[in-house]
*Asks:* 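Please see the structure below; I have some questions.
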Amino acid sequence: MPGFDLLELGWNDELAENLEPGLVPGRVAAVHRGAFDVWTAAGAVRSRLPRRLMHDGLDVAVGDWVGLGDGLVRAVLPRRSALVRNAAGLTTTAQTLAANVDRALVVSSLGPDLEPRRIERYLVTIWESGATPEIVLTKADRHEDPWELVAEVEAVALGVPIHVVSALTGQGCDALRARIAAGTTAVLIGSSGVGKSTLVNRWLGEDVMATTETREDDDEGRHTTTHRQILVLPGGGLVIDTPGLRELQLWEAGADALDATFADVEELAADCRFGDCTHTHEPGCAVLAAVESGELASERLQSWRKLQRELRSIALRQDIRLRKEEARKWKLRTRESRARTRHR
Ligand SMILES: Nc1nc2c(ncn2[C@@H]2O[C@H](COP(=O)(O)OP(=O)(O)O)[C@@H](O)[C@H]2O)c(=O)[nH]1
Ligand SMILES: [Mg+2]
Ligand SMILES: [Zn+2]
């Protein structure tokens with residue numbers, strides 16, 4: 001089994017400083033149910049968490065740098081960036097989609113299901129992650145004139161580079177590929193069927209990732225990429241292909257991530273008469289005035305409010321969860337100390 005050049009995988013001095021002596025460094029290249037493919041200088045190994053760390057719920061994601069000992073993952077090294085969402089379902093649990101990513105590419109196909117609201121949601125998550133967002137609009141070959149759709153995206157992705165590509169004709173593919181420099185990692189995220197795996201295969205020059213045939217009636221096909229996987233591009237640079245996300249539930253994000261995504265609203269808000277303007281009814285509200293004049297789309301203001309509410313409710317639920325956890329620990333401690341007094 002040939003080994004990996006860790007520097008090509010993004011290894012650096014800072015990571016080395018954080019590795020406990022005795023552990024073997026490796027990068028998680030794929031996450032399967034309960035098992036990880038880890039790339040090390042000695043080759044690829046299949047590894048898992050020891051029982052105790054699994055019980056602690058240690059979150060290991062594709063892209064993570066880990067320390068291996070006796071073939072098991074003993075430590076996850078500090079992350080440079082992490083794309084985190086709220087795991088699907090009723091509970092509030094963080095799920096890391098990818099770690100140590102430099103560029104997060106939001107992939108959407110040019111067509112009727114291009115959803116500006118979904119792009120905003122992705123952008124909040126990416127700005128929070130520490131990675132840099134870029135937008136990739138695929139299947140340009142199916143449109144005579146995609147520029148109207150591109151303009152729609154431009155209006156919600158302020159200052160974020162937008163790439164219009166076709167994996168069929170090759171349009172824009174090389175320019176996008178060039179953004180993934182040697183030693184850096186990009187992740188492709190987006191709904192299933194938008195062409196993520198097709199694009200990766202084109203860059204690789206062979207069909208490594210499975211893709212779906214689009215059915216006539218089901219424009220976006222069904223997802224076939226079942227796990228998150230790192231791939232090494234010829235000429236250097238790493239790309240993580242991910243299965244389609246049905247929905248992206250936000251995880252905790254700071255005001256900065258929201259502000260970065262809605263810089264236009266933020267800028268307008270600076271001109272409101274009241275410093276604590278809620279932009280709902282106040283006189284002298286610059287945001288409402290902009291909606292009135294058509295300068296700001298009302299859908300965008302609504303979306304900003306909705307995401308703000310979501311973030312608040314996540315923060316609140318986290319608060320409640322932490323307090324419950326504290327109460328549980330406190331109960332345990334008092335029970336223990338009572339037991340000790342009794343035994344004295
Ligand atoms: N016309 C056209 N079809 C594409 C393009 N890229 C992907 N497709 C098709 O879209 C379908 C889904 O692609 P896939 O790569 O599996 O999407 P993924 O789920 O995002 O990985 C497949 O049938 C592809 O052949 C493109 O640039 N142009
Ligand atoms: Mg795929
Ligand atoms: Zn206002």
Side-chain angles (χ1 to χ4, degrees), residues 30 62 97-98 104-114 118 122 135-144 146 149-150 163-177 186-204 206-231 239-246 248 259 262 264-293 295-296 298 300-302 304-305 308:
V62 66
L97 297 173
L105 309 178
V106 179
V107 187
S108 192
S109 60
L110 285 158
D113 61 12
L114 190 68
R118 191 159 56 202
Y122 277 113
I135 290 177
V136 181
L137 302 175
T138 60
K139 309 193 185 180
D141 54 275
R142 298 203 302 196
H143 297 271
E144 289 263 306
L149 288 166
V150 175
H163 306 266
V164 175
V165 307
S166 163
L168 212 68
T169 67
Q171 177 189 343
C173 291
D174 291 346
L176 181 57
R177 162 66 185 91
V187 64
L188 300 176
I189 52 174
S191 309
S192 86
V194 296
K196 297 182 294 298
S197 300
T198 307
L199 192 59
V200 169
N201 286 341
R202 187 179 174 99
W203 286 338
L204 291 170
E206 55 180 318
D207 288 349
V208 173
M209 300 306 289
T211 58
T212 15
E213 260 332 298
T214 309
R215 285 182 313 183
E216 292 283 297
D217 54 337
D218 175 9
D219 211 23
E220 295 307 346
R222 282 171 305 131
H223 85 235
T224 42
T225 313
T226 54
H227 60 272
R228 296 176 247 283
Q229 168 80 50
I230 296 194
L231 299 138
V239 64
I240 300 175
D241 191 13
T242 63
L245 293 176
R246 207 179 300 276
L248 182 70
D259 290 357
F262 292 90
D264 50 347
V265 181
E266 270 313 298
E267 201 177 313
L268 288 165
D271 290 334
C272 292
R273 186 180 306 162
F274 303 109
D276 59 351
C277 187
T278 60
H279 326 302
T280 48
H281 60 272
E282 289 87 346
C285 172
V287 175
L288 291 177
V291 171
E292 192 70 30
S293 75
E295 187 194 334
L296 179 71
S298 73
R300 185 144 164 93
L301 177 59
Q302 278 166 24
W304 176 71
R305 284 209 187 105
Q308 203 173 37

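Keep in mind that what you see is a predicted model, and the values were worked out from it rather than measured. Heavy atoms only: backbone and side chains are in, while hydrogens, waters and symmetry mates are out. Both ligands and their constituent atoms are indexed starting at 1 by order of listing.
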*Asks:* Quick one, V208 and N201 - any side-chain contact, counting heavy atoms below 4.5 Å?
*Replies:*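 Contact flag for V208/N201 side chains = yes.
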*Asks:* Number the atoms of ligand 1 from 1 as they appear, then name those within less than 4.0 Å of a heavy atom of R142, with their elements.
*Replies:*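 Ligand 1 atoms under the 4.0 Å threshold to R142: 1 (N).
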*Asks:* With sequence neighbours excluded, what pairs up with S166 under the side chain to side chain donor-acceptor pair (under 3.5 Å) test?
*Replies:* D141, T169
*Asks:* With nothing but distance in play, are any N or O atoms of A210 less than 3.5 Å from an N or O of ligand 1?
*Replies:*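 Between A210 and ligand 1 (N or O atoms, distance only) the closest approach is not under 3.5 Å.
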*Asks:* Is the distance between the Mg ion (ligand 2) and the nearest N/O/S atom of T198 smaller than 2.8 Å?
*Replies:*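 No - counting backbone and side chain alike, T198 has no N, O or S atom under 2.8 Å.
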*Asks:* What do we get for M209 next to ligand 1 when only non-hydrogen atoms under 4.0 Å count, side chain, backbone, both or neither?
*Replies:*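 Contact part for M209 vs ligand 1: neither.
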*Asks:* Would you please name every residue forming a salt bridge (charged side-chain N to carboxylate O under 4.0 Å, His left out) with R202, sequence neighbours left out?
*Replies:* none
*Asks:* Show the nearest heavy-atom pair for residues A167 and C173, with the distance to one decimal.
*Replies:* CA-SG, 4.0 Å
*Asks:* Is it the case that the side chain of K196 and the backbone of G190 share a donor-acceptor pair, with hydrogens and angles ignored and the cut-off at 3.5 Å?
*Replies:*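 Answer holds: yes.
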*Asks:* Looking only at heavy atoms, what is the nearest atom pair of I240 and A98, with distance?
*Replies:*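 Distance-wise, the nearest heavy atoms are CD1-CB, 4.1 Å.
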*Asks:* Are side-chain heavy atoms of V106 and V136 found at a separation under 4.5 Å?
*Replies:*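 In short, these two side chains do not touch, never coming nearer than 4.5 Å.
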*Asks:* Below the 3.5 angstrom mark, is there an N/O of D141, backbone or side chain, next to an N/O of ligand 1?
*Replies:* yes
*Asks:* Check ligand 1 against A167 and write out every atom of the ligand that is under 4.0 Å from a heavy-atom position of the residue.
*Replies:* 6 (N), 26 (C), 27 (O)
*Asks:* Between ligand 1 and A140, is the shortest N or O to N or O distance under 3.5 Å?
*Replies:* no
*Asks:* Sort by chain and number the protein N/O/S atoms that are closer than 2.8 Å to the Zn ion (ligand 3), and list them.
*Replies:*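 Metal shell, protein only: C272 SG, C277 SG, H279 ND1, C285 SG.
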*Asks:* Would you say ligand 1 has an N or O under 3.5 Å from any N or O of S192?
*Replies:*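 No, no N or O pair falls under 3.5 Å.
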*Asks:* Using a plain distance cutoff, I'd like to know if V165 has any nitrogen or oxygen under 3.5 Å from a nitrogen or oxygen of ligand 1.
*Replies:* no
*Asks:* Holding to ring pair (Phe, Tyr, Trp, His ring centres under 6.0 Å), I want the full list of residues that pass it with H279, two or more places apart in sequence or in another chain.
*Replies:*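 By the ring pair (Phe, Tyr, Trp, His ring centres under 6.0 Å) rule, H279 matches W304.
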*Asks:* I'd like to know if T138 contacts ligand 1, where contact means a heavy-atom distance under 4.0 Å to any ligand atom.
*Replies:* no
*Asks:* Please report whether ligand 1 has a polar contact with K139, defined as an N or O pair separated by less than 3.5 Å (distance criterion only).
*Replies:*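 Indeed, backbone or side chain, K139 has an N or O that close.
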*Asks:* Do R305 and T280 have side chains that get closer than 4.5 Å, going by heavy atoms?
*Replies:* yes
*Asks:* Would you mind listing which atoms of ligand 1 come within a distance below 4.0 Å of any non-hydrogen atom of T198?
*Replies:*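 Numbered from 1, ligand 1 contributes 6 (N), 7 (C), 13 (O), 14 (P), 15 (O), 24 (C).
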*Asks:* Carefully, step by step, assess L176 and L199 under the rule side-chain contact (heavy atoms from CB on, under 4.5 Å).
*Replies:* CA-CA 10 Å; L176 181 57; L199 192 59; 3.9 Å; yes
*Asks:* Is L301 close to V287 at the side-chain level, that is, under 4.5 Å between some pair of heavy atoms?
*Replies:*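 Heavy-atom side-chain distance check passes, below 4.5 Å.
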*Asks:* Is the closest side-chain heavy-atom distance between T198 and L168 below 4.5 Å?
*Replies:* no
*Asks:* For S197 and ligand 1, does the shortest N/O to N/O distance drop below 3.5 Å?
*Replies:*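 For ligand 1, there is an N or O atom that lies under 3.5 Å from one belonging to S197.
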